[in-house]
Every structure is written in C-alpha cells, then in structure tokens.
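Single-structure report; data block below.
Each chain gets a letter, A, B and so on, in the order its sequence line appears, and its residues count up from 1.
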Amino acid sequence: MTHHAQEIKDGFSRLEGKEVSIAGRAMQMRQMGGITFIDIQDRSGKIQALIRNNDLDPKSLLVLTHASIGDNLGIRGMVMKSKRGEISVGAKEITMLSKTLRTLPNKWHGLTDTEARYRYRHLDLMMNQEVLRTFETRSKFMRHVRDTLDSRGAIEVETPILQDVYGGAKAKPFTTVYHTLDDKQMYLRISDELYLKRLIIGGAERVYEVSKDFRNEDADTTHNPEFTQIEYYEAYSDYEAFMKMMEEMLSSFALKTFGSTKVEYQGETIDFTPPFARMYWVDELKKMLGVDVSKMSDEVAARINEIEKLGLKHPDPYHVADSLFDKYLKGKTLQPTFVLDFPAFMCPLTKVKRGNPLLAERFELYVGRMEVANSYSELTDPIYQRKMFEDQERERKKGDEEAPPFDEDFLDAIEYGMPPTAGIGISIDRPVMVFTNQTSIKEVILFPPMKSLPPNEGTGDK
RNA sequence: GGGCCCGUAGCUCAGCUCGGUAGAGCAUCUGGCUUUUAACCAGGUGGUCGUGGGUUCGAAUCCCACUGGGCCCGCCA
C-alpha cells in the first residue's frame, strides 16, 4: 500500500497518471458488465476504484468475480478521473486481502441503532467514519495533555489500580478478592491522589499518571463507572499556577486542532480564549440565598434541604452545599469557568485559603456545564490531615458510604514532611465530549459497559 | 431506584389502532449491461416478530411478567 484515499484526492494534480496501490474495505460496488466501480474505504476516507475487465490479469479477474461489499481489497493502478469527473484508481491488479463472511449494514442508512453501535463497535467504525474521527480527537487531546505536562518537566508514572485502602475522592469503590493473599478484600482505585503524593514526599517534584479510575455508581450521559483522568502533582506550586496552566492547555489545543479558540458545541459557542471566568461560588450563593455554605451547622443544612426541596438522603453540609451549587450555579458554566474557593469542610485533602480558614484553595474547572478538572493547593500539614481523616471517619460512621476510609500509611508518609504542592485531576472524557460535540460520554468511550445479552444473540448472520 | 419511549430478515423500516398463512428497500445469490455515484433491469435465498406466560378456534397485533437499549429525573467529583 503506497497511499491513503485522502492523500490521492488531495494530491491529485501531482499524482494523476502515476501508479499507486491502495488497500481498504469495499463499501459499495456498482457493476455494469465489463466495468465495475468499487468504493474502497481506508482510515482516511473513501476512494473509487475503476475496474475494466479488459485491463485485468486472469487472477485479478477471478478475485473481482468473487468480491463483495465488506471484503478487504488491495488495488494497484493509475490515478485518474472517471468520465463523471470522480478521482479514481484505474485498477490493473486486485488482491483479496480478507473476505467477509457476514453482510455489512445497509449502505444508505448504515448502522444507527445505538445499542448495536456500542456493542459492535467494529461495525460502527466501518459504517460511521466520524466515530473514528472522534477517537482521533480523543487521542490528540491525551497527547496534548501529556505534552503540556512533559514540557513542565514532569515524569509519567504508574501506581496501583488494585489497592487495599482506597482514597483521594468520595465514591463507592468496586471490590475484588485477592485469592493468594488469604482472600484479602481489595479495591479498584477511585483516584491516584494518595500514591502520587507519596512520590512528591519522596522528592519526585513533578509527577503525573494517566489513570483509569473506577467508581461503583450508575452511568448517565456524563458519568461512566470506569473513566479516565490525568492526575498531576507539582511541588512548590499552588492552584493559581494550575489555573494558568489549564487556560493555556485548553486554548492551545482548540487553536491547534480546530484553528480557533472558539469551538461550536451543540449550537452554542464555547470560547477558550484566556482568561477563563472565575466564579466564587460561596459568595455567589451568599448573595443569592443569604446562606453562607462555608459555615453551615448540621441543623441549618437539614433545614435548607427542606426549604430548597433538595431531597437529599444525607442532608449534611457537604451534600447541601454541593446540591445548591448544582441547582443555582452549574447552569451558568457553559463557558470555561473556574469555580473556586470551596468550603474547607468539603475538602479533606486541601490546604485552607490564605486569609480565610473557612475556605479551601481549590478550583473546579467547568466547561459546557460539566466539571472537567479539579485542583487544589494540597494539604501538607500531617496534624491537620489526621484531623480531616478523623472527620471523614465520623461521616462514614454516620452512614455516608462514600466517605473515604482512614489511611494510616498515607499519614505516616506525610509526617516526613511534604513540600507545598499543587495537584489536579484533569478529566479526559468530558473535554473530549466538548471538543467532539457529543452529548453522551458513551460516544467518547470505545466500549462503554453493556449488560450481557442472553446466549445466541450476536449479530448471527446465518 | 422512578417516569416515558423502543426491540419484526445481516442493516433501515412498514404491519400492531380494529387478531385471520410475515412485508418493503438495501445486502447476498443467478442472469443481463464497458464510465457508475443509493447505478439500472429480471429472478431467487433469507424470519424462534426480544423472552416467558395468559386471553382466544386463532396472537407480530390484546393482557401480564421478565429482559436488553435510549432519553429524562434521582444518585454521582
């Protein structure tokens, strides 16, 4: 194979009359006796092969008579135009590269059934090439985030996915059993935070990990139980530095990939031109509702749950504050927005704000009304950290099954002294949704989880 | 967990209201056609109608349960 379809189309003036060989899947075939037109699709797109029986050697002729839509074919021939002006490869030789045993979906309507598209992603990719483009963009975005972090001198590391104590976020974990370790109960990580911080304590200074994390909760259009984020920790830095980093990272990606810092998303324009908006949400809520969520008692929180009809199972200050944000402010975050300065009690791993100990130095970046990054100046004080773990443990005993467990090993590590550090978790799935104009996270995950089908219900084409 | 919608040929769909032998287009196979663009013309093959139960002389169609999917809500960094 010497050329992709798109290269031949783009370089036609240069390639006309030259011999090329292409390879790909036959997507359409128009046979008119002594001449056949086959649309060959490779990963770049489609190009027409123009095949005159008279031009073929006997072996190629045999291949042609047995060819059908769905076969992988190799075509060698001259770049030319058909009478109707379509750029084509005038075949001299045809090779059967692989024969399909099944029939492809309808050439006109394609494969549109959402379930079938996710279950049989190979068919989806064949029939809907824009899906391939979506995942190319995903790949570019991950590459871009890595490049950004590499350019800051960070090293990429890998930490355990199977953990015996999980932490770093609030979520229900998946559990599993390690048989050769006395059937010990293990957890799939919900975040890599506590391991990466150990590396900072050890002196690594700048580390990141591309991390699949697992949270045992329902899927919806913005949540998948298995999702990807990149966590990055930088010593001698703070959350202000990371706001600048995110502005630069996202705007340069949009510019590089789409030629503009403005991106169309679902009929609206999202503008990544720095600086991004800043929303001091505790202040906003105070102005709007007269409530200071940074100092709510349990009683006040419970009363607000009633008055605001939040309907929370655990109407504690954490969940009430979170819910008020969702109800009143989340809708205003279409444009890239730093939502910042959280109540300190919501942030058990975060340093308190300089000048206001009720608040924490933390921001969440929202784009398209979705949280796409979460960052803070890390809590480095082992004594305060121990107290926060104790608080979490109390919440846990009160019935909040998402409150993370006490982690004595981590406390032991941080007691050696941790430099001031900024940390961030950059969601991959959600920004990719924005950059590929998708409204469901399943469109940016190649194999979203599906319930199992009863036996014998494949694409069985008998 | 709650609500609404959906599941018929490999794919895209009609048939269901009002029960009476399972349909179309594409794909596939056979024949014709040497510049087509969803090529065209003629003929053929292809179905546990998501699964199970009920009503009925008779169920793709009516009823119940289950199952899988989508959307919305709840939960969810």
By the 4.0 Å heavy-atom rule, please label Phe342(A) as base, sugar-phosphate, or nothing. base
Minimum heavy-atom distance Ser68(A)-Lys99(A), with the two atoms named: OG-NZ, 3.0 Å
Asn53(A) near the nucleic acid: base, sugar-phosphate alone, or nothing, with a heavy-atom cut-off under 4.0 Å? nothing
Quick one: are Asn437(A) and Glu264(A) in side-chain contact, heavy atoms under 4.5 Å? no
Inter-nucleotide C1' distance (rG68(B), rC76(B)), Å rounded: 24 Å
Please determine whether any donor N or O and acceptor N or O are separated by less than 3.5 Å between the side chain of Asp39(A) and the base of rU37(B). no
Between rG15(B) and rG7(B), how many Å separate the two P atoms, rounded to a whole number? 10 Å
Does the side chain of Phe272(A) reach to within under 4.5 Å of the side chain of Val367(A), using non-hydrogen atoms? yes
On a whole-Å scale, what distance lies between the P atoms belonging to rA60(B) and rU67(B)? 23 Å
Taking for Met346(A) and for Asp218(A) the nucleotide of RNA chain B with the nearest heavy atom, the one nearer the 5' end belongs to Asp218(A)
Between Phe325(A) and Tyr366(A), is the gap from one ring center to the other below 6.0 Å? yes
Distance between C1' atoms of rG25(B) and rU8(B) (Å, rounded): 15 Å
Using a cut-off of strictly less than 4.0 Å, decide whether Arg84(A) has a side-chain nitrogen or oxygen near OP1 or OP2 of rU36(B). yes
rC49(B) to rA59(B) separation - P atoms, rounded to the nearest Å: 12 Å
Scanning all shown strands, the Watson-Crick or wobble mate of rU28(B) with both distances under 3.5 Å is rG44(B)
Would the base of rU35(B) count as contacting Arg30(A) through its side chain, where contact means a donor and an acceptor less than 3.5 Å apart? no
Checking N1-N3 plus N6-O4 or O6-N4 for Watson-Crick, or N1-O2 and O6-N3 for wobble, each under 3.5 Å, the partner of rA22(B) is none
